[in-house]
There are 2 protein chains.
Amino acid sequence: MNASRTARERVRAELIREITDIARRHLATDGAGGLSLRAVARDMGMVSSAIYRYFPSRDDLLTALIIDGYNAIGESVEIADAGCARDDFTGRWLAVCHAVRTWALDHPHEYALLYGSPVPGYQAPEDTIGPAARDVVVYGRIISDAQAAGRLTPPDMCPAPPEVLSSDAEAVRQLMPGVSDDVVARGIVAWTGLFGMVNFELFGQFNNVITHRRELFEHNMLSLASLIGLPPTPRA
Amino acid sequence: MNASRTARERVRAELIREITDIARRHLATDGAGGLSLRAVARDMGMVSSAIYRYFPSRDDLLTALIIDGYNAIGESVEIADAGCARDDFTGRWLAVCHAVRTWALDHPHEYALLYGSPVPGYQAPEDTIGPAARDVVVYGRIISDAQAAGRLTPPDMCPAPPEVLSSDAEAVRQLMPGVSDDVVARGIVAWTGLFGMVNFELFGQFNNVITHRRELFEHNMLSLASLIGLPPTPRA
DNA sequence: GGATCGTCAAGAGCAGTGCTCTCTTTTTTT
DNA sequence: AAAAAAAGAGAGCACTGCTCTTGACGATCC
């Protein structure tokens, strides 16, 4: 009985996979707002109402795509980090930055779904916060590793973070154990700066202004690396 | 004839204003995707097709809202900057940062329209690039003023920007005359970092993680200020 | 083996959307 | 006053998300 039930379940799982695949294709071409259950159903040779057997609502389909997206960019970041020498902290940071940017440029609509404005009327459920952390976990490990190796020497040029931020810093420190509140704050600057750059490039703020985007991006990521206190050059 | 013609035109202008006002209210509550011409028409006691006399398409209405939004945030930034002592460069930078953040928090959906993911199927026309620059013009003037006053001393901690970026730097330098390529690049880091922070806060990336958001924001903006080379403390 | 029950596809239908057309009314111009 | 321009009203098209009912298929139990 277990086998037979699994047979059904397997068909179901396969259909769910096919639906999300087609939906992702639609997402890539038309964006989140253009994602239509009926169109997906048409592509599958199904009638629209049948889709609702698998996804109770359009938002549930979106949620599935969002989780997949977080996992995809997270995996991409993990692979990029894994391809670097463990003690090349700046290189690992740069690799992570380029992985984020490249993935974003390759999947603009999916990226917009993850890091752009929330889809109107859609509220991200709790299921998304786990996979959402995959990329930042990698980032935290880089900082933490550099700190442990004694290679983190942030330039002192601005006041330490105010006392009131210590509880927040403590929360973030779970991702990057062993670093000071100051480094936590700098880490947030760099991380948000990374996504700020990607957002500007992807959402059109650089149009008609910046042409050598990859070079500017890399240079700016190096600036942020030095703000964190990472060694000035990769492989140094 | 001029007066009579103006009479009609005045009614027309008034109606356009009323449409955009109602549309903005809908935008504030339902977001860009929930903006419905029919709903706006209903609120005005009009029939839906009549709206098309004033805005040929939903996208044109969106464009009007976007231009208004850029002007609103730009004006907000201008006022914030104008409220500071001219030689308090770090204070002016901080004021601009807070103006952007406050406006974003007060008008989240409008902000998302400007700096979030592009609305699906909507392509921003050229009309939007003028007003879009209002805030960054203020920013550029702060940097430029600080440079002219000899108060811009960027810490040297990372390599200068590569040669290939000089043409892009030249374009950006129109906003901040008199500064080096290095400062231009740092300026872009800070500017994108500002919006990166606001995006993270507004789009939910800080949920369940950061609680003292204003304090963290201000501290991080000070970090970025020191990266640019602005004096470490306001009013110094 | 046959009855039963859960799962699924199909279709009709509801309320809503952007947008286009035609027709009538109102206002301006001549 | 007549002609012309502008605006409102309404019907209609194609589309959307979603719900409900109907009928068929397949696994399960006696």
Side-chain angles (χ1 to χ4, degrees), chain A residues 1-20 22-23 26-27 29-66 113 118-123 125, chain B residues 1-20 22-23 26-27 29-66 113 118-123 125:
Chain A
M1 61 152 92
N2 207 351
S4 57
R5 183 173 180 191
T6 317
R8 228 223 266 278
E9 296 264 316
R10 267 175 53 185
V11 168
R12 188 181 173 82
E14 179 56 35
L15 272 182
I16 287 184
R17 228 186 61 83
E18 193 177 338
I19 291 175
T20 53
I22 293 181
H26 283 214
L27 183 66
T29 58
D30 304 332
L35 180 63
S36 149
L37 285 184
R38 294 177 112 110
V40 172
R42 254 194 312 272
D43 274 21
M44 296 191 54
M46 259 175 146
V47 94
S48 68
S49 55
I51 296 277
Y52 288 85
R53 297 272 175 200
Y54 302 93
F55 292 95
S57 81
R58 182 176 173 275
D59 281 5
D60 291 279
L61 178 54
L62 263 185
T63 299
L65 290 179
I66 288 177
L113 208 55
V119 176
Y122 171 81
Q123 190 69 344
Chain B
M1 60 152 96
N2 208 350
S4 57
R5 181 173 182 193
T6 319
R8 225 228 267 277
E9 296 266 316
R10 266 176 53 187
V11 168
R12 186 180 174 83
E14 179 55 36
L15 271 183
I16 287 184
R17 227 187 62 83
E18 192 176 339
I19 291 175
T20 53
I22 293 181
H26 284 210
L27 182 66
T29 58
D30 303 332
L35 180 62
S36 148
L37 284 184
R38 294 178 114 111
V40 172
R42 252 192 315 270
D43 274 21
M44 297 192 54
M46 261 175 146
V47 95
S48 70
S49 56
I51 296 278
Y52 288 84
R53 299 274 177 202
Y54 303 93
F55 291 95
S57 81
R58 183 175 172 274
D59 281 4
D60 291 279
L61 179 53
L62 263 185
T63 299
L65 292 179
I66 288 177
L113 208 53
V119 176
Y122 172 80
Q123 191 68 345

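Predicted model only: the values in this text are computed from it and were never measured. Here is the naming used below: chain letters follow the sequence lines, and residue numbers restart at 1 for every chain.
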Whole-Å distance, B:I51 CD1 to C:dT17 P, equals 12 Å
Separation of C:dT27 atom C1' from B:E9 atom CD, nearest Å, is 13 Å
Heavy-atom nearest pair, B:A41 first then B:I51, reads CB-CG1, 3.5 Å
### Minimum side-chain heavy-atom gap B:F55-B:I16 below 4.5 Å
yes
Looking only at D:dC18, D:dG10, C:dG18, the nucleotide nearest the B:V47 side chain is D:dG10
To the nearest angstrom, the CZ-P distance between A:R12 and C:dG6 comes to 16 Å
In whole angstroms, the gap separating C1' of D:dT16 from CG of A:D30 amounts to 14 Å
Here the distance between atom C1' of D:dT16 and atom OH of A:Y52, to the nearest Å, is 9 Å
Between B:G33 and B:R58, the two heavy atoms sitting closest are O-NH2, 3.6 Å
Within residues 37-46 of chain A, the residues having a heavy atom closer than 4.0 Å to DNA chain C are A:R38, A:M46
Closest to the 5' end of DNA chain D, once B:Y54 and A:L35 are matched to their nearest nucleotides, is B:Y54
Would you indicate what B:S49 reaches in the nucleic acid, counting non-hydrogen atoms under 4.0 angstrom: base, sugar-phosphate, or nothing? base
On a heavy-atom basis, the closest approach of B:L65 and B:A23 is CD1-CB, 4.0 Å
In terms of heavy-atom contacts, B:P56 and B:Y52 come closest through O-CD2, 3.4 Å
When rounded to whole Å, the CD to C1' distance for the pair A:E14 and C:dT7 reads 18 Å
B:T63 vs B:D60, side-chain hydrogen bond (donor to acceptor under 3.5 Å, both in side chains): CA-CA, chis, key distance, verdict: CA-CA 5 Å; B:T63 299; B:D60 291 279; 5.4 Å; no
Heavy-atom closest pair (B:H26 atom, B:L35 atom, distance to 0.1 Å) is CB-CD1, 4.0 Å
Applying a 4.0 Å non-hydrogen cut-off, can you work out what B:L15 is touching in the nucleic acid: base, sugar-phosphate, or nothing? sugar-phosphate
A:S36 has its side chain closest, among D:dA9, D:dG8, D:dT16, to D:dT16
B:R53 atom CZ is separated from C:dT27 atom P, nearest whole Å, by 15 Å
Between CD1 of A:I16 and C1' of C:dT7 the distance, given in whole Å, is 13 Å
